[in-house]
Protein chains: 2
Amino acid sequence: MIERRKKPTIKDVAREAGVSIATVSNVLKGKTTEVSEPTVEKILKKVSELGYVKNMTASALASRESRVVAVVVIGAFDPGMPLEHQDLNPFFGDFLFRLEYEARRRGYTLMLYAGREEKYLNFLLERSADAAVLVGINPQDMPSVVARSDLRLILFDSMLDDRNQMNVRTNEIRGGEIAAEYLISTGCKKLGFVGHVSMGGKSVPYLRYSGAKKICDESGISIKEFNRVTAFQQGMEVAAEILENGIDGVVTAADTIAAGLVDGLRDQGIDVPGQVSVIGYDNLPLARLVKPSLTTIDQGLTDKVGAVMDLVENGSPGDLREIEPRLVIRESTR
Amino acid sequence: MIERRKKPTIKDVAREAGVSIATVSNVLKGKTTEVSEPTVEKILKKVSELGYVKNMTASALASRESRVVAVVVIGAFDPGMPLEHQDLNPFFGDFLFRLEYEARRRGYTLMLYAGREEKYLNFLLERSADAAVLVGINPQDMPSVVARSDLRLILFDSMLDDRNQMNVRTNEIRGGEIAAEYLISTGCKKLGFVGHVSMGGKSVPYLRYSGAKKICDESGISIKEFNRVTAFQQGMEVAAEILENGIDGVVTAADTIAAGLVDGLRDQGIDVPGQVSVIGYDNLPLARLVKPSLTTIDQGLTDKVGAVMDLVENGSPGDLREIEPRLVIRESTR
DNA sequence: CTGAAAGCGCTTACAG
DNA sequence: CTGAAAGCGCTTACAG
């Protein structure tokens, strides 16, 4: 590399300003009440003259505060699959960029981990983040070592209540209820639910399903579940089964599935919403964009991301922030 | 927080193993040739007994190697817009997750910056990353301070040649050529190009356009440009203009635009590809998923991400890795 | 109000 | 083959 001037350190600033590095350090972190006005001015002047920027690595080591938030997303991306067959749920990108914005606004930087389960432990332990956000984590994916470390752990959309962790999620049962209520109110007589329900009570899709089922039971309407992973393709493939079962209203666990289902139904010559109503989940940007645009459940992502950062900054073990979902009516329902 | 055992340090390992911390450090970084077999065994045993994990912050400070790669993505996300109107190009998510996988495979962690231009300078300077990947950066977005710092800079899909930086990109001109050649070979008589061409020769869309134009000129076929930002909505809105101009083959600068255009054309009762052929760019997962599925230009993302990490590890200033694009034929062309 | 000094947990010549 | 010591660039009581 080309010869370059070394980056100035706090020592350089101190020397130039004729003060000690302790004083510079105090000024830099805004403890200006403890330092006289002229000294502050002198230091700030030198800081900008020299183009000094604090070395966060050194700061983190000394203060034990890194202002880094680790984000762990498991299973969003399957390295075993060729890229062209990856079907990354756009939710993860939306979530990440939105969280990054909120984090930076508050002076934090995001570190990303998106590998497979077994290995995120080391990542969390060796990178001294102030907090870690675990997205969609299952109990079996959470090594007890992590649960016991002194890292602030924030579980996002996870079904793992533990008084040592913090949780942010949407009221998923209510989301399922809202979806079913709306379909029934628009005249649907036989409902279906498409999502990854096989994992039972601890999974998000299952909770959405159980909310929908509760409403159906109360209304004397039948609901049939179709166990499918969150992916466009899976939604598409389930279309035939929906028809065979004479279903006229479908609650899905994700907009991606719903978009696939709508396409699948259209391929079979079925009119949506004329013959079958479909309701998505998440209110992703794509929900507006597909044809017909999707009626969906907004999971309140903006609020959730804010809640995550609130907990990063001021949360206590056991804290739970549950956001209420909201129905967004578009064209895929009657 | 609950009372917890402190994390063991290299000192604890050294004490337990009865050696100096220097020896432990050597063993941990695989310099086992310099240490006797029994000592290595003894140390490794204690490491796993104590559950010792290296503190990368301290390691980075001492060695000046953080094994962190900073990723800077400008303008993918607009914080000023409400989330439900965000139209984040899924490309960014795909790119990020794919790069994360490749980085982790090689022992690196990703840090993300996705804010606005002016502020990424501090981020880059205060977080001592080993290298920074700047995605789709324009000359005016690159402060000279960054260009001059001793950070390894890798420009991705950027049009900023400088012998101090490294570059990874697709041969964009060739991509445009391939697209136009194919449309013409299938019988299209009048072409259109939709993309953000207004920035001229230094922008990626413009290069794609100029490749297409070159082929058209050689074949005596006309091509009209439609200046649109990369977004589904924009593709949709341009449909009417395409028809007014009697165009029967469209090259686009992105799959998202192409998907919007196809929907827009269908809304107007036009058959794709029967009446108008449309060709995308990027070969995103969504290109397979929309109806009709998109013929598109694969930009070789897997190769590009590999090239990025090659440069992070072994690149020299001025290095350029240019990946050749590839035509992927699906249903949106004749 | 300001500074000297110890310390954060590592790495790196260098001496033996 | 192994260890003592200095140092990375900060922060933090504490003394004056």
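Numbered from 1 within each chain, the chains take letters A, B, ... in sequence-line order.
- Across D:dC10, C:dG3, C:dG9, the shortest atom-to-atom separation from the side chain of B:Asn55 is found for C:dG9.
- Between B:Lys11 atom NZ and C:dA6 atom P there is a gap of 14 Å when expressed in whole angstrom units.
- Atom CG in B:Asn26 sits roughly 15 Å away from atom C1' in C:dA15 (whole-Å rounding).
- Ranking D:dG3, C:dG3, C:dG9 by closeness to the B:Thr9 side chain, first place goes to C:dG9.
- Because its NZ or CZ atom is not both nearer than 6.0 Å to the ring centre of B:Tyr113 and within 45° of the ring axis, B:Arg127 does not count as a cation-pi partner of that residue.
- For C:dC10, neither phosphate oxygen OP1 nor OP2 lies less than 4.0 angstrom from any side-chain nitrogen or oxygen of B:Arg64.
- For the OP1/OP2 pair of D:dC10 and a distance below 4.0 Å, the side-chain nitrogens and oxygens of A:Ser63 include no atom meeting the criterion.
- Protein atom CZ of A:Arg127 is 17 Å distant from nucleotide atom P of C:dG9, rounded to whole Å.
- Between C:dT12, C:dT11, D:dC8, one nucleotide has an atom nearer to the side chain of B:Leu61 than all others, and that is D:dC8.
- At whole-Å resolution of the value, CG in B:Leu28 and C1' in C:dC10 are 10 Å apart.
- Here A:Arg98 does not pair with A:Glu100 in a salt bridge; the nearest charged N to carboxylate O distance is not below 4.0 Å.
- D:dA15 is paired with C:dT2 under the criterion used here, namely a Watson-Crick or G-U wobble arrangement in which both key atom distances are under 3.5 Å.
- The phosphate of C:dT11 (OP1 or OP2) has a side-chain N or O of B:Lys54 nearer than 4.0 angstrom.
- Ion pairing between A:Asp319 and A:Arg152 fails under the 4.0 Å rule for side-chain N and carboxylate O.
- For D:dT2, the OP1/OP2 oxygens have a side-chain nitrogen or oxygen of B:Thr39 closer than 4.0 Å.
- Computed from coordinates, the A:Glu65 CD to D:dT12 C1' distance equals 14 Å when rounded to whole Å.
- For the pair B:Val27/B:Val19, no side-chain contact is recorded, criterion being any heavy-atom separation below 4.5 Å from C-beta on.
- Under 4.0 angstrom from either OP1 or OP2 of C:dC10 there lies no side-chain N or O belonging to B:Ser25.
- Distance CD1 (A:Ile10) to P (C:dA4): 14 Å, rounded to an integer number of Å.
- Between B:Asp130 and B:Val69, every side-chain heavy-atom pair lies at or beyond the 4.5 Å cut-off.
- Close to C:dG3, at under 4.0 Å from its OP1 or OP2, lies a side-chain N or O of A:Ser20.
- Rounded to whole Å, the distance from CD on A:Glu126 to P on C:dT11 is 12 Å.
- Proximity of A:Lys29 to the phosphate of D:dT12: a side-chain N or O atom is located under 4.0 Å from OP1 or OP2.
- Atom CZ in A:Arg15 sits roughly 17 Å away from atom C1' in C:dG3 (whole-Å rounding).
- The closest side-chain donor-acceptor pair between A:Ser128 and B:Thr57 falls under 3.5 angstrom.
- Residue B:Ala22 places its side chain closer to C:dA13 than to any other of C:dG9, C:dA13, D:dT12.
- In terms of position along DNA chain D, the nucleotide closest to B:Ala62 lies nearer the 5' end than the nucleotide closest to the other residue of the pair B:Ala62 and A:Ile21.
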